[in-house]
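Chain identifiers are assigned alphabetically (A, B, ...) following the order of the sequence lines, protein sequences preceding nucleic acid strands; residue numbering begins at 1 within each chain.
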Protein chains: 2
Amino acid sequence: MFSQAEENYLKNIYSLHSEVNKSVNTNLLATKMNTKPSSVTDMLKKLAVKDLVDYKKYQGVSLTDKGEIIALKVIRKHRLWEYFLVEKLHYNWEEVHEIAEQLEHIKSESLTNNLDSFLHFPKFDPHGDPIPDKNGRIPINNAICLLDLKVGNLGILNSVKDSSKSFLNYLNKKNIALGDRIKIIDMEEFDNSIHIETRTHHMVLSKDVAKNLYLKHFK
Amino acid sequence: MFSQAEENYLKNIYSLHSEVNKSVNTNLLATKMNTKPSSVTDMLKKLAVKDLVDYKKYQGVSLTDKGEIIALKVIRKHRLWEYFLVEKLHYNWEEVHEIAEQLEHIKSESLTNNLDSFLHFPKFDPHGDPIPDKNGRIPINNAICLLDLKVGNLGILNSVKDSSKSFLNYLNKKNIALGDRIKIIDMEEFDNSIHIETRTHHMVLSKDVAKNLYLKHFK
DNA sequence: ATATGCTTTTAGATATATCTAAATATTTAT
DNA sequence: ATAAATATTTAGATATATCTAAAAGCATAT
Ligand SMILES: [Mn+2]
Ligand SMILES: [Mn+2]
Ligand SMILES: [Mn+2]
Ligand SMILES: [Mn+2]
């Protein structure tokens with residue numbers, strides 16, 4: 001039905017849209033997808049013709065209902081496969097995103113749903129991201145970015161925004177994992193670095209790390 | 001490393017080669033791959049440049065060692081995924097080939113080997129075809145085509161050559177499955193149809209059916 | 001309100017994988 | 001041995017997805 005390239009555009013438009021909450025612009029999408037703005041423009045025209053995105057020259061792009069349905073299906077497959085890789089094949093959380101980038105494009109509704117059932121309908125992937133159900137519904141996730149908390153707040157690490165090997169290996173090295181209790185000891189105005197306390201350690205995280213950590217149940 | 005198109009050519013050259021036991025010709029490959037002879041010629045040139053096939057104009061094609069290694073990896077993945085789909089996701093044997101056509105192109109050696117281990121290193125796929133191990137070794141399978149047996153011979157259905165939905169649904173309807181005992185009651189010279197007896201039924205199979213059935217342990 | 005710079009689009013090129021139609025080589029039959 | 005039939009390749013076209021370089025639109029700062 002849709003090519004891998006098209007599916008990747010839809011997926012990335014979806015995820016940028018949920019970050020910026022307004023129509024996504026060409027350069028941002030190009031950066032995110034590691035391609036050139038001119039390539040993005042070409043593809044957006046094509047997706048617009050297929051009624052998958054709303055796109056007007058120079059005005060940015062957003063998904064149509066039809067486009068969002070496709071995006072959510074790809075995201076559902078991506079996260080289900082990641083869960084499979086960790087739970088059944090014993091991969092670590094830093095190894096699975098790359099492989100799931102391929103598996104997310106396998107076309108078979110029945111495969112997706114049978115996999116879901118085999119895994120007992122998991123609600124979250126190994127990075128804490130919610131898995132859309134077969135109707136495209138996602139549990140709302142009110143986790144808050146570590147950067148937006150205040151000194152003294154306490155929370156449980158709920159999810160990571162960056163699923164790259166390099167970021168997750170950094171967390172591994174620092175012994176930080178999903179579910180960890182994190183307390184904010186201090187925030188440095190100058191560089192937005194954050195001094196935190198976990199159950200076992202004290203450490204200072206840079207802004208670039210903190211912006212990818214999302215917490216829940218804080219107070 | 002290699003595109004899906006290239007992998008599909010290598011796989012099909014491999015399987016035709018093991019059928020005809022001489023270099024594979026353009027038209028045969030075109031028919032098998034549902035494409036045109038001119039497309040085949042184009043691709044063979046490309047594969048020859050990459051040293052994956054030996055190809056001389058008008059002389060047919062065969063795999064180089066390098067090409068055979070790739071082909072066996074694709075076949076290994078295809079059959080492991082088929083086994084997974086049947087054993088873990090409870091698909092029927094007629095449903096899995098199509099999905100495996102996609103899964104066979106996922107690129108990750110570790111995924112293939114972890115899947116193999118998760119499945120406890122199966123030796124045969126749901127159609128009775130041998131699964132190459134991680135070194136590309138295949139258990140030799142001396143099953144014999146039903147067409148090549150004689151009246152009075154007795155055997156166990158070992159594998160099917162055609163894994164298409166339509167053929168396997170035909171076998172389902174006739175209540176024929178791998179492992180069934182089959183005895184040859186009569187062979188009709190005129191149209192090569194074969195009268196067989198299973199544990200429960202008598203039936204007549206056409207030549208087109210019989211040529212896709214392979215038996216073992218006959219006498 | 002206009003010039004400057006940033007963003008976006010267009011024009012034209014490249015690479016892959018296909019196709020149809022025409023040309024050429026090989027095989028087979030007379 | 002030649003002609004006819006068949007198989008294969010070439011030439012030229014199409015579709016997708018990308019790129020670079022140049023042109024055009026938009027935002028904003030003086
Ligand atoms: Mn991921
Ligand atoms: Mn992808
Ligand atoms: Mn198969
Ligand atoms: Mn394939």
- Query: Would you call B:L103 and B:K77 a side-chain contact if the rule is heavy atoms closer than 4.5 Å?
  - Reply: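 No, side chains not in contact.
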- What distance do B:M43 atom CE and B:L52 atom CG have between them, rounded to the nearest 0.5 Å?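 Here the interatomic distance stands at 10.5 Å.
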- Item | Between CG on residue A:L10 and CG on residue A:L47, distance to nearest 0.5 Å |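 So the CG of A:L10 and the CG of A:L47 are separated by 5.5 Å.
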- Message: Going by side-chain hydrogen bond (donor to acceptor under 3.5 Å, both in side chains), name the pairs with one or both residues in residues 49-67 of chain A, residues two or more places apart or in two chains.
- Response: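 side-chain hydrogen bond (donor to acceptor under 3.5 Å, both in side chains) check on residues 49-67 of chain A returns A:E6-A:K50.
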- Query: Which residue pairs pass the salt bridge (charged side-chain N to carboxylate O under 4.0 Å, His left out) test with at least one member in residues 124-137 of chain A, sequence neighbours excluded?
  - Reply: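 For residues 124-137 of chain A: A:R79-A:D125.
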- Query: Does any pair with a residue in residues 89-111 of chain B pass ring pair (Phe, Tyr, Trp, His ring centres under 6.0 Å), and if so which ones, sequence neighbours excluded?
  - Reply: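 For residues 89-111 of chain B: B:H78-B:H97.
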- A:K36 has an atom NZ; how far is it from atom C1' of C:dT10, in whole Å?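 These atoms are roughly 17 Å apart.
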- Partners of B:Y9 by ring-ring contact (aromatic ring centres under 6.0 Å, His included), sequence neighbours excluded?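 Residues passing ring-ring contact (aromatic ring centres under 6.0 Å, His included) with B:Y9: none at all.
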- Query: What one-letter contact string describes nucleotides 5-10 of chain D from 5' to 3', where B marks a base within less than 4.0 Å of any protein heavy atom, S marks contact via sugar-phosphate atoms alone, and - marks no contact?
  - Reply: --SBBB
- Query: Is the distance between the ring centroids of B:Y83 and B:F118 under 6.0 Å?
  - Reply: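 Ring centres of B:F118 and B:Y83 not closer than 6.0 Å.
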- Task: Could you identify which residues of residues 1-8 of chain B place a heavy atom less than 4.0 Å from some atom of DNA chain C, listed by residue number, or say none?
- Result: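 DNA chain C contact set from residues 1-8 of chain B: B:S3, B:A5.
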